[in-house]
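Note sheet for the following structure.
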Amino acid sequence: MDRWSATLKVPIHAKGTARCRVAVSLCLSPSSKNLVAPSANAVFFNGDRVEGTGNPVVERLSDLQTVAGVLVSKFGGSVNAWVVEASTFNGPFAVFKEFIPSANKYGEPRSYGHVGFPASSSIVSLLSNCLEEAKNVLSRKYNPFSTSLLAPQGHPPKTVILGFSKGGTVLNQLVTELSHFETASPGHPSFAGQELSGHETSEIRAGTQILPSSKGSLLNSIQEIHYVDVGLNSSGAYITDPNVIGKLSQRFVQRAHGLHFILHGTPRQWCDRNRIWIRREKDRLLHLLKSESQKAGGKIQVAEKFYFADRPPDLEMHFMVIEKLDVNI
């Protein structure tokens with residue numbers, strides 16, 4: 001399998017002004033140079049900007065394209081990797097306003113709510129716009145150019161979601177939306193309003209087997225959620241609402257596949273004496289997920305891993321954990 005990699009800057013929504021930088025690494029047929037449907041889409045949400053540290057590890061793993069390469073090495077050569085940077089920065093602070101409407105000017109969420117499904121709809125639209133831009137670039141390079149819609153083994157790709165540092169807030173928003181999403185067939189009352197507009201859907205349809213084409217298909221495709229050394233200067237780094245986790249387990253009892261949470265952390269976040277709420281929130285989420293796992297018949301699974309436990313907290317380990325991720329626990 002060949003790959004096509006680039007860093008694109010595309011609008012989140014077709015008619016909006018907000019644009020995100022997204023590093024992509026996509027599966028490409030070695031013979032036809034067509035985009036090929038992956039086994040999975042790994043979507044990574046980055047955090048605040050850290051510049052001028054002089055630390056080569058921090059500088060290297062601050063590069064979006066480097067992170068995309070790490071994802072491919074972790075999840076395998078048949079995955080598509082998408083590394084998303086926030087559309088807005090207030091100085092160094094990432095603000096995922098389109099994904100989390102309650103975010104303040106520092107990108108800290110005041111709350112997480114499912115109304116309007118902002119994170120899932122923004123992800124579908126953003127990745128669709130990335131795919132269209134990728135196809136445009138490839139069509140100029142390889143003419144004629146087409147997209148293979150045949151998914152591996154006939155199954156649509158699963159989705160793996162990762163949030164690093166402040167990027168974990170997008171995960172919390174997605175989990176909230178996932179817990180409130182009603183699986184239904186088109187035309188069912190509960191299905192209304194959970195799909196994209198006709199205009200957006202028509203643009204996405206051509207890449208249906210490469211990417212989810214709607215909020216519903218995205219939420220139904222999520223099988224893994226990785227919290228990667230997440231943390232905030234306020235509360236809300238982890239979702240701790242028992243109602244959200246309770247609803248989530250109820251949803252997955254009826255689903256064919258399960259949902260695996262992995263909480264990855266370092267002393268930088270989990271042992272910060274000035275932000276003790278981060279560890280408490282992590283422990284609370286871990287407890288809630290373990291409690292609900294039995295109620296969901298094992299469909300909800302959770303694991304945690306503590307990295308660099310014998311080292312004092314520093315910024316380097318915060319970034320190095322990206323490279324050290326154990327995604328198979």
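Annotation: side chain to side chain donor-acceptor pair (under 3.5 Å) contacts involving residues 257-266, sequence neighbours excluded, comprise H226-H264, D229-T266, H264-Y307. For residues 269-289, every residue pair satisfying the ring pair (Phe, Tyr, Trp, His ring centres under 6.0 Å) rule, not counting sequence neighbours, is listed here: W270-F306.
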Check your understanding: Could you walk me through whether L61 and T66 pass the side chain to side chain contact (heavy atoms under 4.5 Å, CB included) check?
Key -> CA-CA 6 Å; L61 292 170; T66 298; 4.1 Å; yes

**Item:** L28 and L138: CA distance, side-chain angles, deciding distance, side chain to side chain contact (heavy atoms under 4.5 Å, CB included) verdict
**Value:** CA-CA 10 Å; L28 200 66; L138 285 165; 4.1 Å; yes

Exercise for review: Output, in order, the C-alpha distance, side-chain angles, deciding distance and verdict of side chain to side chain contact (heavy atoms under 4.5 Å, CB included) for T88 and N90.
Suggested key: CA-CA 7 Å; T88 303; N90 178 8; 5.9 Å; no

Step by step, would you call T176 with S179 a side-chain hydrogen bond (donor to acceptor under 3.5 Å, both in side chains)? CA-CA 5 Å; T176 302; S179 73; 5.6 Å; no

Can I161 and E224 be said to form a side chain to side chain contact (heavy atoms under 4.5 Å, CB included), step by step?
-> CA-CA 6 Å; I161 303 289; E224 295 180 33; over 6 Å; no

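Annotation: side chain of S120 is not in contact with side chain of Q173 (no heavy-atom distance under 4.5 Å). Under the 4.5 Å side-chain criterion, counting only non-hydrogen atoms from C-beta, C27 is in contact with M1. Contact annotation: the side chain of F44 never approaches that of V70 to less than 4.5 Å [non-hydrogen atoms, C-beta and beyond]. Residues L232 and P109 are in side-chain contact: their nearest non-hydrogen atoms beyond the backbone lie under 4.5 Å apart. Using a 4.5 Å heavy-atom cutoff, the side chains of W82 and L211 are in contact. The shortest distance between side-chain heavy atoms of L131 and L35 falls below 4.5 Å. Side-chain contact between L127 and N41: absent, with no pair of heavy atoms (C-beta onward) separated by less than 4.5 Å. Side-chain contact between I329 and K305: present, with at least one pair of heavy atoms (C-beta onward) separated by less than 4.5 Å.
Pairing each heavy atom of V327 with each of I262, the nearest pair is O-CD1, 3.9 Å. In plain terms, the two heavy atoms of S111 and S102 that are nearest each other are O-OG, 2.6 Å. The two atoms that bring H318 and F164 nearest to each other are O-CE1, 3.1 Å, heavy atoms only. Contact between P38 and Q209 at its shortest, heavy atoms only, is CD-O, 4.2 Å. Across all their heavy atoms, V72 and V79 have their closest contact at CA-CG2, 4.2 Å. Across every non-hydrogen atom of G54 and E59, the tightest pair is N-OE2, 3.7 Å.
Hydrophobic cluster membership is shared by L285 and Y112, with clusters built from Ile, Leu, Val, Met, Phe, Trp and Tyr side chains linked at under 4.5 angstrom. Cluster annotation: L171 and L289 are assigned to the same hydrophobic cluster (Ile/Leu/Val/Met/Phe/Trp/Tyr, side-chain heavy-atom contacts under 4.5 Å, transitive). Linking ILVMFWY residues whenever their side-chain heavy atoms come closer than 4.5 Å, directly or via other members, places V170 and F117 in the same cluster. Linking ILVMFWY residues whenever their side-chain heavy atoms come closer than 4.5 Å, directly or via other members, places I222 and I100 in the same cluster. At a threshold of 4.5 Å between side-chain heavy atoms, the hydrophobic network of Ile, Leu, Val, Met, Phe, Trp and Tyr places I210 and L219 in one connected group.
Note that the CG atom of L26 and the CH2 atom of W4 stand 6.5 Å from one another [nearest 0.5 Å]. Note: I12 CD1 to C20 SG = 3.5 Å, rounded to the nearest 0.5 Å. Atom CD in Q254 sits 10.0 Å away from atom CD in Q250 (nearest 0.5 Å). R280 CZ to S235 OG: the interatomic distance, rounded to the nearest 0.5 Å, is 12.0 Å. Here OG of S165 is found 7.0 Å from CZ of F319. Values are rounded to the nearest 0.5 Å. For the atom pair CD (E292) and CG (L259), the distance works out to 12.5 Å, reported to the nearest 0.5 Å.
The pair E177-K215 does not count as a salt bridge, with every side-chain nitrogen at least 4.0 angstrom from each carboxylate oxygen. Ion pairing of E133 with K9 is absent here, as no side-chain N (NZ or NE/NH1/NH2) approaches a carboxylate O to less than 4.0 Å. The pair E316-R268 does not count as a salt bridge, with every side-chain nitrogen at least 4.0 angstrom from each carboxylate oxygen. With salt bridges taken as basic N to acidic carboxylate O contacts below 4.0 Å, one links D283 and R279. Ion pairing of E108 with K166 is absent here, as no side-chain N (NZ or NE/NH1/NH2) approaches a carboxylate O to less than 4.0 Å.
Within the 6.0 Å centre-distance limit, the rings of F99 and F45 are counted as a close aromatic pair.
Across V83, L71, V43, a single residue satisfies side chain to side chain contact (heavy atoms under 4.5 Å, CB included) together with L162, and that is L71.
With hydrogens and angles ignored, the 3.5 Å screen pairs no side-chain donor or acceptor of N129 with any backbone N or O of E132. A donor-acceptor pair under 3.5 Å links the side-chain atoms of S122 to the main chain of E98, judged by distance alone. Side-chain atoms of S121 come within 3.5 Å of backbone N or O of P118 as a donor-acceptor pair. Using a distance-only test at 3.5 Å, with no hydrogens or angles considered, a donor-acceptor pair links the side chain of N172 to the main chain of I239. N55 contributes a side-chain N or O that, together with a main-chain N or O of V58, makes up a donor-acceptor pair within less than 3.5 Å. With hydrogens and angles ignored, the 3.5 Å screen pairs no side-chain donor or acceptor of S293 with any backbone N or O of Q301. Put simply, the side chain of S32 never gets that close to the backbone of S29: no donor and acceptor are under 3.5 Å apart. The closest donor-acceptor contact from the side chain of R3 to the backbone of G77 lies under 3.5 Å. Between the side chain of K282 and the backbone N or O of L263 there is no donor-acceptor pair closer than 3.5 Å. Here the side chain of S128 pairs no donor or acceptor atom with the backbone of V124 at under 3.5 angstrom.
When the salt bridge (charged side-chain N to carboxylate O under 4.0 Å, His left out) test is applied to D63, no partner is found at least two apart in sequence or on another chain. Taking T159 as the reference, S221 meet the side-chain hydrogen bond (donor to acceptor under 3.5 Å, both in side chains) condition, with sequence neighbours excluded. Applying the side-chain hydrogen bond (donor to acceptor under 3.5 Å, both in side chains) criterion to E281, with sequence neighbours excluded, gives no partner residue. With sequence neighbours left out, the salt bridge (charged side-chain N to carboxylate O under 4.0 Å, His left out) criterion links K74 to no other residue.
Figure legend: cation-pi geometry between R49 and F89, with NZ or CZ positioned under 6.0 Å from the six-membered ring centre and within 45° of its axis.
The aromatic rings of Y227 and F261 lie parallel to each other, their planes meeting at an angle below 30°, with 60° marking the opposite boundary.
Heavy atoms from other residues, nucleotides or ligands lying under 6.0 Å from CZ of F308 number more than 12.
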